[in-house]
Structures are given as C-alpha cells and as structure tokens.
There are 4 protein chains.
Amino acid sequence: MARKQNREERRAEIVQALLRVMAHRGYERATVQAIAKEAGLTPGLLHYHFGSKQEILVALVGTIAEVSEQRLAALLAEAEGPDARLAAYLRARLGMGPGAAPEIVAAWVMVGAEAVRQPEVRQVYQRVMAAELRRAETLISEGLAASVRRTEGANAIAAGLVALMQGAFLLASAAPETLPVGYALGQARAYVDAAIAEAPMAAATSTQPS
Amino acid sequence: MARKQNREERRAEIVQALLRVMAHRGYERATVQAIAKEAGLTPGLLHYHFGSKQEILVALVGTIAEVSEQRLAALLAEAEGPDARLAAYLRARLGMGPGAAPEIVAAWVMVGAEAVRQPEVRQVYQRVMAAELRRAETLISEGLAASVRRTEGANAIAAGLVALMQGAFLLASAAPETLPVGYALGQARAYVDAAIAEAPMAAATSTQPS
Amino acid sequence: MARKQNREERRAEIVQALLRVMAHRGYERATVQAIAKEAGLTPGLLHYHFGSKQEILVALVGTIAEVSEQRLAALLAEAEGPDARLAAYLRARLGMGPGAAPEIVAAWVMVGAEAVRQPEVRQVYQRVMAAELRRAETLISEGLAASVRRTEGANAIAAGLVALMQGAFLLASAAPETLPVGYALGQARAYVDAAIAEAPMAAATSTQPS
Amino acid sequence: MARKQNREERRAEIVQALLRVMAHRGYERATVQAIAKEAGLTPGLLHYHFGSKQEILVALVGTIAEVSEQRLAALLAEAEGPDARLAAYLRARLGMGPGAAPEIVAAWVMVGAEAVRQPEVRQVYQRVMAAELRRAETLISEGLAASVRRTEGANAIAAGLVALMQGAFLLASAAPETLPVGYALGQARAYVDAAIAEAPMAAATSTQPS
DNA sequence: AATGAATGAGTGTTCATTCAT
DNA sequence: GATGAATGAACACTCATTCAT
C-alpha cells in the first residue's frame, strides 16, 4: 500500500537487509524471501525496487564503500601530520579489531567471494579496492616524504597493507577463535612503520639551510 | 585391495573436479551434475562415494591442506638455517605469486567464504588455519631465536603474516589487475624481517660471566 | 464534456498502446506496465480507464474493425459498379500488401490467437469476422448478379476469400521472407474473378432465347 | 524413479502434452505444471528432458510437420497423375474440414502466433512453411505442365493456396460457427483449378499435329 | 560399482491488480 | 483524475538427493 515516493529509503532498507542476511548465510543462501522478511517487505516489492538480486548486491558494495569512506573521513579530519593520518586510516579500517562490526566484515568477505565469479560484482569490487589502494598509497607516500624517503615503493607497500587488512577480515569471519586478539592493528602499524623506516632515503633535494 | 584403491582414486577425482568447478562457479553453483561431468562420472555415483555435496567440500579442504603441506615439506628439506627456512615457507605459500595456481587459490577463497556459514566447513577450515599459524609461528620463533630476540611476539607476527597471505589470495582471485605484480612475496618477506629485527632482545639467559 | 472527451481520448491512446506493444510481444507479454509506458501513463491509470487488461483487448478489436471499415468506406465511395467495388474491397484489405501496416496486421493475428482461448475475445472476434464475411458475400453477390450468375455460392466464395486474406495476414507476420512479394492481392483477385466466372448461370429470369 | 533409457519416448509424450494443453490455453498459459500434469509427470522432469519450455515448442513444430508430411505421403502414394496428386494434397491438408483434428489445428495456429514474437520459433515455423510452399508449388507446376501451361506463376498460386489453407485453420479455431461447413476443400480446389486453367499456354514446344 | 531417470522443495522473477494519497 | 508503491499468486527453472535397475 503505497503513497509518497520513497524509492531511496526503501532501496537503502533492502540493501541493509541483504547485508545482514548475507553475513550469516552468504549470497546464494540469502534468498529474496529471506531478504524481504528481514526488511519487513514482500519479495515482489524487492523486484519493484531492484531489477534483480544481483543489483542489490552491487548496491551493497557501494554502500559499504561509502560508509567506510565516511568513517575514514571523520577520523582523518582530526588527524594532523602524516603519522597521525596513517594511524587514523588504520583505526578506521581495523577499528577495535575487525570483529567490531562483524556483520559488515562478514558481508564484505562474501562480496569478495562473489566477485570471483560474478563479473558485474567483480567490476565494482575492483573499483572499490583500487580506490582503497590509492588511499593507502597516498597516505604511505606522505609518510615516506615526511621521513625524506623515496616514494616509489609506496604502491607495493600499500598492496601489502591492503592484503593484510582484507586477510584479517577474512580470518575474523571464517576462522574466529583461531587468532590472537587484536593483532591486526598492531601488526599493520608495525608493517607500515618498518616499510617506511627501511625505504631508501630520497635524493637530497635541498638540505642546505641558509 | 584393488577395490579400495579404486575407491580412493574415485574420491580424489571427485574432489579435484569440485576444486575446478568451484574455482569458477563458487560452491553453490557447483552443481552435482557439473562436478560429475567434470570428473567424467554420473551424478548418482557421486553420492555413492560421498554422502553429500558438503562432504566433498570437507574432503577438498583436507586435500588442499595436504598438497600445501607437501609442497612446503619439499622446500624445507633443502633449507638450512632459520633464514632459509622462512624463505622456503614464503616461497611455498606465495610461490611465483598467488596467481601461479589460480584454480587452487580461487577454490580456497571459496572455501573461506563457505566456512563463514557452514559450521562443518568452518571446523576443518579453522583446523587448517590453526596449523598454518603454528607453522608460521614456529618458523618465526626460530628466526627470532637466531637473532637473540624474545619469542613472545611470534604468535602475533605469524597472525599478521597469515592474514597478509590469505588477503593476497583473496585479492588475486577477486580483484586481479588491481594490484602490482609480484608484491606479495616481497612484502611478506619485508614484514617478517622487520618484525624480527625490531623484536626486543632476549634477556641474557645464560653466558654472562660475572 | 471536456472530461468525457478526455476520457475517450485516453481510452483510445491506451488501446493504441496495446496494439503497438502486442504487435511485438503478444498479448500475454504485453504487460500493463509496458502498455502504460507506451501510452505515457501510469499503470494505475490504466485500471481507472479499463477494468482489466482484457477489456483493453476487447476495445482493440472494435477499434481495428472500425478503422478497417472506414478505410473500406472511403475506397468504396469512389468505386462504381460491382467490379470496381470488389476491387476497392480487396485494395482496402490487402492494400499494398499486408506488410503495409505491419503492426496492425501482427496485432490482429495476436487477437486471433487470443480468440482461440478467451471466450470474451472470441465473441467480439467472431462478430467482426461475421461482418467481414457478410461484406464479402454482398460484394461477391453483386458481382455474380452483374454476370447473371446464381448467387447461392457467394457465401462459400466469401469464406474462401476471407480465409485467404486472414492467412495472408498470418503468414506476413509469422513467416515473412518466405512468400513471394505482393502475391496476395493478385491471387485474391484471380480467385474471386474465377469463382464468379465459373458460377452457374442464373435461371433465365427473363427468358428471351436468342 | 528411473530405469531404462527412455528419453525419446518421454520427449514425445511431453510434446504431445504441450500440443493438447496449448490447443486450449495457448502457449503462455500452457504452464510447465499443466503440461507435466497432462503428461502425468512432474515439472522437474520436463526440464530434465528439455532445456526450456521453448524447446518443447520447437520440438512440437517439428512433430506436427512430420505427422503432416506422413499423412500427405500416404495419400500421395495412392494418387496417379497430377490431378489426383493435387487432390491428395488438398485432402491431406484440409481433410474432412480443418475441424477434423481440432487440437492439432488450434495448436498450429498458436505456433503461428508465437512465431511472430519468438525468433527461435519463427525460424522453425518459416522452415516448415517454406517446405509447404515448395510442396504446393511442385504439385501445381505438375498440374500446369499437364495442361501445357507456363509454370512461372506456380509460386504465386502456391502462396495463395497456402494462405487460404492457413487462414482456414485460423478461422476454424478462432471463429468457429461463423463459417459455412466444409467450404475450405471446395474453394481451395476451385482456386487451384481456375489458376491452372487460366495460366498462359506454354510456348508450343512440340506442336506436331498428327 | 554404476546408471540416469525421477522427485520435490525451493529459486529468482513477473505481473495484473489494488489502494492510500 | 492521477500516482506509484505494494501485494500475492503465479511462473519457469534448478538442484541435491534417491532409487529401480
């Protein structure tokens, strides 16, 4: 029984419902019925707002990316200097451990698995990961520059960092109780710091004080 | 005896078929028909050798772990000294990049996703990951000891290393073309080396003559 | 009055939209959404003007019959004598080939198929075809009379003619590229001419033997 | 519960079931459930034997064409001379009126309607109609030759004849009770005879009078 | 040990129709 | 008159599993 235009709200509700269902059941078992029930809607209505189940998944990728970005932006706003900015980034991503938002993390892991076999999902997933890589690379480059280091290695360092974080998400969801508590943030920090500390010094561009 | 061999061979064939199909379609879409076809068998026969599709998946986890272990054992046999042993480990896992055996890697990523929602799968997956952690921890401990460092941090370092590797597998499958080539082995190596180098020195347990 | 006019215009627009959609998708696949979009309206409004989708179809049958009749009337107005009138009829129906108005022809074929299974549609369809038969019979009777032939056969001749024309419509829609170009008008003409020429002479009503 | 291989028989049963259901409900309303019920099978089994509902329809076109061809072959076998062969053809097609096998005729009309909008169906439908046209053309050519007439017009005459017959099928299904009884065979015969009789004489190839 | 037809519950999706606004 | 969100019953199709042979 419909009244005002409410597409965007409904779409957001549906996406959130998919996130919750998917975190526990995975994408395939997140049936349209289950998503609809979680959202308090009927299955037919899901298809009124989304052309297909896959479209909801694609929208979910976007939503997670946005939320993730906003969280980072909020923390970055308060950070001054390369070091604090890097710390803010790691806190934004690994928070109080990846277990802090277990549903989002689990859903994201499922998204990764779907990206392996659904080209449309892979496309948006790759776009998000590419942006993430650039983000990390930028912050690492700043850190390198502040230490008067060459920045060419930033890309590879960022890749290692992103891999470490994504792996932490995966393990937190698929093999909890196996890992030491709260290792991720510390190890990520140590990894980046060491990588910066051991990067070759930049060519002395200026140095001479007047 | 011939019977039993046949039985084991058949089971192995079926497991391999699941691996190949799963790498491309994921577990849910890896239909029994498709697995049977890939193995050159009939659907009915699959259920003669395995009670359910899930049992094949569980067997697959074991198979991948075994293969993985054998590969490592082979490389370790030739390695002398803590440093060489660590290098052998990293080479065994990250080989010539995670893209070297893309089907196994992709299948393993899918296994991780299934572990999130299938308790039976999670159980074996966790067991494998726990063993992996112990492996890494042992090798890292050896490295620390060789550098006369305290070994308490080995657990967390191992966790970070395993996360980095699993993340590299995930990204190689879900977001290829996004990452720099061959970063994983180098970054893992750098991460471990720095972690060892920066670990606190071991308390002088012996030697100090008064 | 403006209201009522608006009402009739809207109904006509909807009927035209059904015609166009049906020509390409058939009746079942002509969804209310698609018809509404084609007419530039909303689905809800469609049901304000028509009680059901079937009602639109019934209205369409009437519309096609009317248009068809008007076209014939216009051509008949210029025709003098039985022969010219018959020619006008055939031209009105087979025009420049049945492909001249492909959407109407295809929609009409779809109407015929729906008439097979929807009694309400069959009723109006039969009414239209009965009128068509009488039309043809009258014109043929005139032709027979002008040739001093008995007119009892006119009914059967008309049936054959109508069948030929409807068959031509069907084949033009369902099997284009299969038939020779422009055969229909010529063959229909030849069929009627021969039927008249070979009808038995009328009983000598006015007996003067030579 | 399955045993011997029986694909062909099952497929034939399913096709026959589609024919019967389609004759009354049309293709869209011939649901897989309804077809399965008519055949005494389960819906899943239909999809075991046919990839899709459309495939059943395509198979039906082939079946009707075969049956039709066999009926014609049987009648042709007994016919001697062009005239008798043409008569056999018309009897094979229009039998004791198109109402003699109403289900097949109605199903065929539905096939025609589906051919308008399903390219895959159109393809097979066109193939069948093209073969039918060639058949008619050949027989008419023989008739023309026997009357020492030019045969160039055979194609158009055949087209008119096929149109008349298909139209008769359509009207018999969609508008029964509207048409005179048994007109079709007589009118078709008259049409062909007249067309042959009025065709231009063949160039005197061998005119030797005795 | 092997076959493959058969089942039945469940899947995503479609759609005419309703109705609060 | 007009909107468009909402419903609910269908729809074609999928699939792990069973089982007579």
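The chains referred to below are lettered A, B, ... by the order of the sequence lines, with proteins before strands, and numbering in each begins at 1.
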Using a 3.5 Å limit on both distances, find every run of at least three consecutive Watson-Crick or G-U pairs that involves DNA chain E. E:2-21 with F:2-21
Between the side chain of D/R122 and the main-chain N/O of D/V116, is any donor-acceptor distance below 3.5 Å? yes
Take atom CD of A/Q5 and atom P of E/dA20, then tell me their distance rounded to the nearest Å. 19 Å
Can you confirm whether C/E120 is buried at CD, in the sense that more than 12 heavy atoms of other residues, nucleotides or ligands lie under 6.0 Å from that atom? yes
Quick check on contacts: within residues 33-54 of chain D, what sits under 4.0 Å from DNA chain F by heavy-atom distance? D/G44, D/H47, D/S52, D/K53
Is there a side-chain polar atom (N or O) of B/R7 under 4.0 Å from OP1 or OP2 of E/dA1? yes
Within this structure, what is the CZ-to-P distance between A/R29 and E/dG12, rounded to whole angstrom? 11 Å
What do the steps show when you test D/E103 against D/R20 for salt bridge (charged side-chain N to carboxylate O under 4.0 Å, His left out), and what is the final call? CA-CA 6 Å; D/E103 284 192 333; D/R20 286 193 296 272; 5.4 Å; no
For the pair made of CD in B/E13 and C1' in E/dA2, what is the distance, rounded to whole Å? 14 Å
Counting neighbours of CD on D/Q54 that are heavy atoms of other residues, nucleotides or ligands and sit closer than 6.0 Å, is the number greater than 12? yes
Would you mind reading off the distance between D/E28 atom CD and E/dT14 atom C1', rounded to a whole angstrom? 11 Å
Applying the ring pair (Phe, Tyr, Trp, His ring centres under 6.0 Å) test to D/W108, which of D/Y125, D/Y27, D/F169 qualifies? D/Y125
OP1 or OP2 of E/dG4 less than 4.0 angstrom from a side-chain nitrogen or oxygen of D/N6, does that happen here? no
At under 4.0 Å between heavy atoms, what does D/V32 touch on the DNA or RNA strands: base, sugar-phosphate, or nothing? sugar-phosphate
Distance, rounded to the nearest Å, where D/L57 contributes CG and F/dC13 contributes P: 12 Å
Whether the side chain of A/K53 engages the backbone of A/H47 through a donor-acceptor N/O pair (distance < 3.5 Å, no angle test) should be reported. no
Would you verify whether the NZ or CZ of C/R10 falls within 45 degrees of the ring axis of C/F50 while also being under 6.0 Å from that six-membered ring's centre? no
Less than 4.0 angstrom from a charged side-chain N to a carboxylate O is my criterion; do B/R11 and B/E55 meet it? no
N/O (side chain, D/R10) to phosphate O (OP1/OP2, E/dA6) under 4.0 Å: yes
Between B/K37 and B/T42 (side chain of the first, backbone of the second, donor and acceptor by atom type, cut-off under 3.5 Å), is there such a pair? no
Spacing between D/E8 atom CD and E/dG4 atom P, to the nearest angstrom: 15 Å
